[in-house]
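Keep in mind that what you see is a predicted model, and the values were worked out from it rather than measured. Every number for a ligand or one of its atoms is a count from 1 in the order of the listing.
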Amino acid sequence: MSNECLYHEINKNHSSQQHSADVAITVAMGDGIGPEITRATLKVLSAAKARIVTESIDIGEQVYLAGHSSGIRQDAWQSLRRTKVFLKGPITTPSGSGYKSLNVTIRKTLGLYANVRPCISYSPYVHTLHPDMDLVIIRENEEDLYAGIEHRQTDEVYQCLKLITRPGCEKIIRYAFEYARNHGRKKVTCMVKDNIMKMTDGLFYKVFQEIGAEYPDILQDRYIIDIGSARLATRPELFDVIVTSNLYGDIISDIAAELSGSIGLAGSANIGEHVAMFEAIHGCAPDIAGQNIANPSGLLLAAVMMLVHIGQADIAQKIHNAWLKTIEDGIHTKDLKSEYTKVLVTTDQFAEAVIARLGTEPQRFSAVSYQNSTQQQKAVTVAYQPQAAAEKILVGVDVFLHQHQHSADELAQHLKQLETTELELQMITNRGVKVWPDGFPETFCTDHWRCRFMLRPGLTQLAYSDIIRLLSQISGDKLDVIKTENLCSFNGEPGFTLGQGQ
Ligand code: ATP
């Protein structure tokens, strides 16, 4: 059946008795195996009588190749903003620097701040070393190193800015606690690296503690991301809900999906205050595209999450239980082939097998039960309340220089002569390590020097014009200034970290 026919079929199922409960959703078939698994998923939704009407959009490879470097056209954005619900097949971003990832563009443009990825074992039908694994990773989706703000600063040094914001932390952490509460989960674990990134990851954990205090019914703990990932890889049954920032979440989501046994099984939700997007976690698998052998389960389980989101828990439950029954009946696509496989099926046949089991419940697996509580469906839309502005005092400046001609001591001597009546040189670091005063000859230095000037004793605050005066002295001396960072205190607390070794 062509895509057009399938959309028509779904929409026709409802047109005769279409009523106001029907929910419009936007669907993109995607690239590679996308059309095959999306067609299979839509067939199941139609057979289960999901109360939806679909709008189809084209995104991805064809759109990129037609000259739209973003991979999406204006009319597709309009559909997404109209329906606010998006079921998306996997898409390819062509290689080459001219193309931005459409996945990242959609998430950030539509404010889809929470990536929700359940990772569950289906042992013994899906081989895994961790049969008791049943966890959900809630990954912040918009900020961190994914802000995409990168610069080349010197011959040798490149920079990527890690941006962590209080509103971003509050939204994702509150979402994680609400998710735990509304899904009967007992514990939320925060994963950070705040022993090293004291300000950015420190904020994430601080907000976790603040918001966690409002959820005394939920157990809470914290892991440093390195040992946390190791524990996740060896004892995933220790975890229930994990909340973490964007890059760590990206990495541990794939570890967890792999541990559960098959990348073809997991779906994910990307939730925002206005729009939500549902997709399989795998890519478009070009190696098996067009062969009708792909496993449609990832997208189908994402569609189950979508149905709960739009308030159709009854349909979600019917499909999810039929899917569990299909798996335990040994009806498997090629990727799941094992001694438990009774019938090896194609993508289409798998969808037919799920359809044949609609209305039945699994025997070996526990049947799932979803409720149409409004809390379970929606993003947590607690409006962010900005805190009262802190008393912010300018106390110094870090001046970053590009130079190779001077050693640390020579550079310090030079800069000492350029000090002003307000600012004196306090420290020089190279890649964050203090190299003056009292640097070690063993420390390797690049061409990138951070020179910290602080206000002189007896002064209480600086004006920005004081910094400009210092900068004009430095540039007058033909030193290459890459950038500056103002050093401020906030309510008396320093808004900057010490140099390593300071
Ligand atoms: P992309 O660049 O789009 O991420 P990829 O091939 O690098 O594509 P995946 O698409 O995630 O990454 O595929 C990784 C491997 O898993 C491939 O061997 C693929 O065939 C397999 N795979 C992925 N999804 C499925 C699926 N739904 N059913 C069966 N096998 C799958």
Side-chain angles (χ1 to χ4, degrees), residues 27-44 58-65 71-72 87-107 115 117-120 122 125-128 137 139 146 247 249-268 270 277-305 319 323 326-327 330-338 340-341 343-354:
V27 178
M29 302 302 255
D31 302 316
I33 57 170
E36 298 157 61
I37 61 171
T38 311
R39 261 199 305 274
T41 299
L42 290 176
K43 259 193 214 166
V44 177
D58 287 327
I59 57 171
E61 198 165 25
Q62 292 312 316
V63 181
Y64 282 116
L65 298 179
I72 181 166
L87 184 64
K88 182 176 85 54
I91 44 179
T92 302
T93 304
S95 47
S97 57
Y99 300 106
K100 280 282 203 189
S101 159
L102 180 54
N103 284 327
V104 177
T105 303
I106 292 174
R107 284 180 203 150
N115 181 273
R117 193 183 277 197
C119 297
I120 300 166
Y122 299 101
Y125 304 97
V126 180
H127 176 70
T128 169
I137 295 174
R139 160 189 170 194
Y146 289 66
L247 180 64
D250 192 10
I251 296 167
I252 64 170
S253 299
D254 273 15
I255 295 175
E258 187 79 6
L259 288 174
S260 70
S262 169
I263 194 169
L265 290 185
S268 79
N270 295 272
M277 175 172 86
F278 301 86
E279 60 186 341
I281 67 160
H282 57 74
C284 50
D287 52 332
I288 55 167
Q291 300 174 37
N292 196 21
I293 57 170
N295 188 342
S297 299
L299 192 63
L300 187 62
L301 293 179
V304 166
M305 295 168 88
I319 294 175
W323 178 82
T326 307
I327 297 292
I331 318 282
H332 295 165
T333 44
K334 195 172 164 201
D335 56 309
L336 298 187
K337 188 163 178 282
S338 73
Y340 292 92
T341 304
V343 190
L344 199 60
V345 290
T346 63
T347 310
D348 289 337
Q349 289 166 336
F350 185 84
E352 293 301 336
V354 175

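Geometrically, Arg139 engages Tyr146 in a cation-pi contact, judged by NZ or CZ lying under 6.0 Å from the ring centre and within 45° of the ring axis.
Counted by atom type alone, Ser101 and Asn103 present zero donor-acceptor pairs between their side chains at under 3.5 Å.
Between the side chain of Asn292 and the main chain of Asp348, a donor-acceptor pair closer than 3.5 Å is present. Thr341 places no side-chain N or O within donor-acceptor distance of the main-chain N or O of Leu344, the cut-off being under 3.5 Å. In this structure, the side chain of His332 does not engage the main chain of Ser338 through any donor-acceptor pair within 3.5 Å.
In this structure, CG in Leu87 is found 10.5 Å from CE in Met277, a value given to the nearest 0.5 Å.
Nearest protein heavy-atom neighbour of atom 3 (O) of ligand 1: Cys284 N, 3.0 Å. The closest protein non-hydrogen atom to atom 17 (C) of ligand 1 is Asp287 OD2, 3.5 Å. Ranking the protein heavy atoms by distance from atom 6 (O) of ligand 1 puts Pro286 CD, 3.7 Å first. The protein heavy-atom contact nearest to atom 24 (N) of ligand 1 is His282 CG, 3.2 Å. The protein heavy atom nearest to atom 29 (C) of ligand 1 is Ile288 CD1, 3.6 Å. The single protein non-hydrogen atom nearest to atom 16 (O) of ligand 1 is Ile263 CG2, 3.6 Å, given as residue, atom name and distance. Scanning the protein for heavy atoms near atom 10 (O) of ligand 1, the closest one is Ala285 N, 2.8 Å.
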Worksheet entry | Residue pair Asp250, Arg117: steps toward the salt bridge (Lys or Arg N to Asp or Glu O under 4.0 Å) verdict | CA-CA 10 Å; Asp250 192 10; Arg117 193 183 277 197; 5.5 Å; no
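Contact annotation: for Asn295 versus ligand 1, heavy atoms closer than 4.0 Å belong to both the backbone and the side chain. Of all the heavy atoms of Ile293, none lies under 4.0 Å from any atom of ligand 1, so neither backbone nor side chain is involved.
Ligand-side atoms of ligand 1 in range of Asp335: 29 (C), range being under 4.0 angstrom from any heavy atom. Distances below 4.0 Å separate heavy atoms of Gly283 from the following atoms of ligand 1: 1 (P), 3 (O), 4 (O), 9 (P), 10 (O), 11 (O). If you number the atoms of ligand 1 from 1 as listed, the ones under 4.0 Å from a heavy atom of Ile33 come out as 26 (C), 27 (N).
Heavy atoms of Ala294 come nearer than 4.0 angstrom to ligand 1 in at least one pair.
The environment of Gln291 atom CD is dense: over 12 non-hydrogen atoms of other residues, nucleotides or ligands sit within 6.0 angstrom.
Applying the side-chain contact (heavy atoms from CB on, under 4.5 Å) test between Leu300 and each of Val44, Thr38, Ile37 identifies Val44 as the sole match.
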